[in-house]
Amino acid sequence: MGVEQRAVVMGGSLGGLNAAFFLRDAGFEVDVFERSRAPLEGQGAGIVLNPATVRYLVDRGLDDLCGMSVATGVLRYLDRGGEVVAEHPEPYRFSSYDTLYRAMLGCFGRERYHLGQEVKGFEQDPDGVTVHLASGEQTPADLLVCADGIRSAARRRLVGVEPRYAGYVAWRGTALPGDLTPATNTVLRDAITYCVMPNSHALIYAIPGPADQHGADHRLNWLWYRNVAEGPDLDHVMTDRDGIRRSISLPPGHVPDDRLANLRLSADELLPPQIAELVRATPEPFIQAVFDAAVERMAFDRICLIGDAAFACRPHAAAGSAKAAEDAFQLGEALRSAAGDVPAALAAWEPGQLELGRSVLARTRAAGDQSQVDCTWQVGQRLPFGLHRVGDSEMVEL
């Protein structure tokens with residue numbers, strides 16, 4: 001590639017860190033700019049692993065996959081009374097956002113990972129990109145990778161696309177097994193568990209235990225999808241303890257007490273007793289509104305969009321982190337093939353990633369409609385998890 005080129009990654013979450021890995025391996029000097037002043041931990045979210053998500057860590061032997069994930073081999077459906085009504089093998093590995101973030105940030109290092117540095121703008125010419133930071137600094141680069149997530153300012157600037165609300169929210173949380181009865185642990189611990197209800201569904205799976213919780217090797221992570229009409233109803237649900245209307249999520253600790261009380265009452269009325277117990281045992285449930293977004297372009301000469309900054313997909317394929325990692329991996333491959341010719345590499349890379357984004361988005365929209373709108377999700381139905389195809393997230397065997 002000749003003289004080492006420089007890449008700037010806008011956004012320091014999992015997609016941005018994967019981009020930094022593969023760009024660095026392609027010979028670029030890489031700086032990651034993350035607007036948050038603090039490391040991106042404490043989000044409390046579980047993640048279904050796909051081989052693409054952890055490709056960099058596993059291929060290079062940089063982390064122990066068994067140590068940063070929990071394996072299950074069974075998909076189990078419960079009915080409203082808590083009885084097992086369907087069960088069959090479906091092997092998955094589950095991790096958490098915090099676990100993956102810590103592992104990836106540790107592998108990238110802190111020296112070129114810049115917290116509290118928000119990218120406020122950028123411009124390019126045939127020779128390079130100039131990145132403008134909120135601090136007033138200007139940073140030159142040969143390539144700008146925009147990995148700034150579902151609320152991407154880069155997407156808004158480049159293509160004018162905003163996320164579209166899907167009509168429902170996910171209540172989420174985790175609880176320690178020690179806070180649950182042995183009977184509930186027996187039902188939930190060794191499987192990914194689903195419950196299908198009219199215009200709603202819930203799921204549970206185990207994820208690695210918190211780093212500061214000695215003696216707990218896992219937590220139980222749950223999601224409950226509930227329809228909420230756009231307008232006043234959604235405004236109410238998404239307003240936090242301080243009266244601030246949040247756009248995407250109410251983080252742990254920010255949901256008002258009256259809404260938490262209503263959640264627990266609704267869980268007792270509508271969910272199987274084991275899942276209701278899990279909800280009650282969760283100290284700080286949180287809310288994520290479900291959105292999606294699609295773009296017609298991902299490459300703009302020396303600038304590109306990856307992950308949720310391009311296609312933000314509903315979570316039902318469990319492929320969001322995997323798609324961002326795959327975008328990053330294929331970008332690195334394209335840059336190698338183009339011998340560092342950034343515009344040529346991005347032009348060659350874009351069609352395949354557009355196709356992948358459209359495919360995942362269509363599958364997640366169909367799954368969401370099945371469960372939340374049409375009520376056609378069948379008890380015992382195979383899960384739509386996968387990146388390139390349904391089933392490619394199955395990875396218990398290493």
Side-chain angles (χ1 to χ4, degrees), residues 7-23 26 30 32-35 40 47 50 52-53 55-56 119 121-122 124 129 131 141 143-166 247-248 288-335 342-366 368 386-388:
V8 165
V9 177
M10 176 182 179
S13 192
L14 302 184
L17 283 166
N18 267 292
F21 291 149
F22 294 117
L23 292 174
V30 184
V32 178
F33 293 101
E34 167 54 47
R35 67 180 182 178
L40 304 176
I47 292 177
N50 181 285
T53 312
R55 175 193 274 121
Y56 186 87
V119 174
F122 44 79
Q124 65 176 321
V129 183
V131 178
L143 167 65
L144 171 62
V145 177
C146 303
D148 54 332
I150 189 170
R151 293 177 291 182
S152 172
R155 186 206 309 121
R156 186 182 312 117
R157 176 181 177 131
L158 291 166
V159 295
V161 171
E162 296 286 356
R164 187 184 71 178
Y165 177 55
S247 59
I248 302 293
Q288 292 178 333
V290 178
F291 288 84
D292 52 35
V295 296
E296 297 296 324
R297 295 182 62 190
M298 293 173 65
F300 309 83
D301 295 324
R302 291 179 174 274
I303 302 170
C304 66
L305 301 168
I306 71 167
D308 285 350
F311 288 86
C313 300
R314 305 180 198 184
H316 312 303
S321 299
K323 182 172 65 63
E326 183 71 4
D327 287 344
F329 170 74
Q330 295 298 341
L331 179 59
E333 294 295 290
L335 288 162
V342 171
L346 265 58
W349 164 85
E350 181 184 47
Q353 303 320 113
L354 285 171
E355 181 180 357
L356 176 62
R358 290 167 183 153
S359 172
V360 176
L361 180 61
R363 184 150 33 95
T364 59
R365 283 176 171 169
L387 177 60
H388 298 283

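Sequential numbering from 1 along the given sequence is applied to the chain's residues.
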Heavy-atom side-chain contact between M298 and L354 under 4.5 Å: yes
For the student: nearest non-hydrogen atoms of A52 and A325, plus distance: O-CB, 3.3 Å
Rounded to the nearest 0.5 Å, the CG atom of L356 sits from the CD atom of E326 at a distance of 6.5 Å
Give me the atom names and distance for the closest heavy-atom approach of A328 to N18. CB-C, 3.7 Å
Please confirm whether the backbone N or O of D327 pairs with a side-chain atom of W349, one donor and one acceptor, at under 3.5 Å? yes
d(Q330 CD, I306 CD1) to nearest 0.5 Å is 12.0 Å
Donor-acceptor pair, D148 side chain versus M10 backbone, under 3.5 Å? no
Residue pair Y165 / V290: nearest heavy atoms and the distance that separates them: CD1-O, 3.4 Å
How close do R314 and G368 get, counting heavy atoms only, and between which atoms? NH1-CA, 4.2 Å
Is there side-chain contact between L335 and L143, with heavy atoms separated by less than 4.5 Å? yes
Heavy-atom side-chain contact between S152 and D308 under 4.5 Å: no
Would you say the side chain of L144 lies within less than 4.5 Å of the side chain of V119, judging by non-hydrogen atoms? no
For R358, does the CZ atom sit with more than 12 other heavy atoms under 6.0 Å from it, leaving out its own atoms? yes
Do the non-hydrogen side-chain atoms of F300 and V129 ever get within less than 4.5 Å of each other? no
Rounded distance [0.5 Å steps], NE2 in H388 versus CD in E355: 10.5 Å
L331 vs F22 side-chain heavy atoms within contact, under 4.5 Å: no
For the student: nearest non-hydrogen atoms of G357 and C313, plus distance: O-SG, 4.3 Å
Exam field: side chain R363 to backbone L387, donor-acceptor pair closer than 3.5 Å: yes
Counting only N and O atoms by type, is there a donor-acceptor contact under 3.5 Å from the side chain of R297 to the main-chain atoms of L305? no
How far apart are the closest heavy atoms of G11 and V32, and which atoms are they? O-CG1, 3.7 Å
In chain order, what residues pass the side chain to side chain contact (heavy atoms under 4.5 Å, CB included) check against A294, with sequence neighbours excluded? F311, L361
Within 45° of the six-membered ring axis of F21 and under 6.0 Å from that ring's centre, is NZ or CZ of R55 located there? no
Gap separating the NZ atom of K323 from the CD atom of Q353, nearest 0.5 angstrom: 9.0 Å
Looking at S247, is its backbone amide N or carbonyl O close enough to the side chain of R151 to form a donor-acceptor pair, meaning the two atoms are under 3.5 Å apart? no
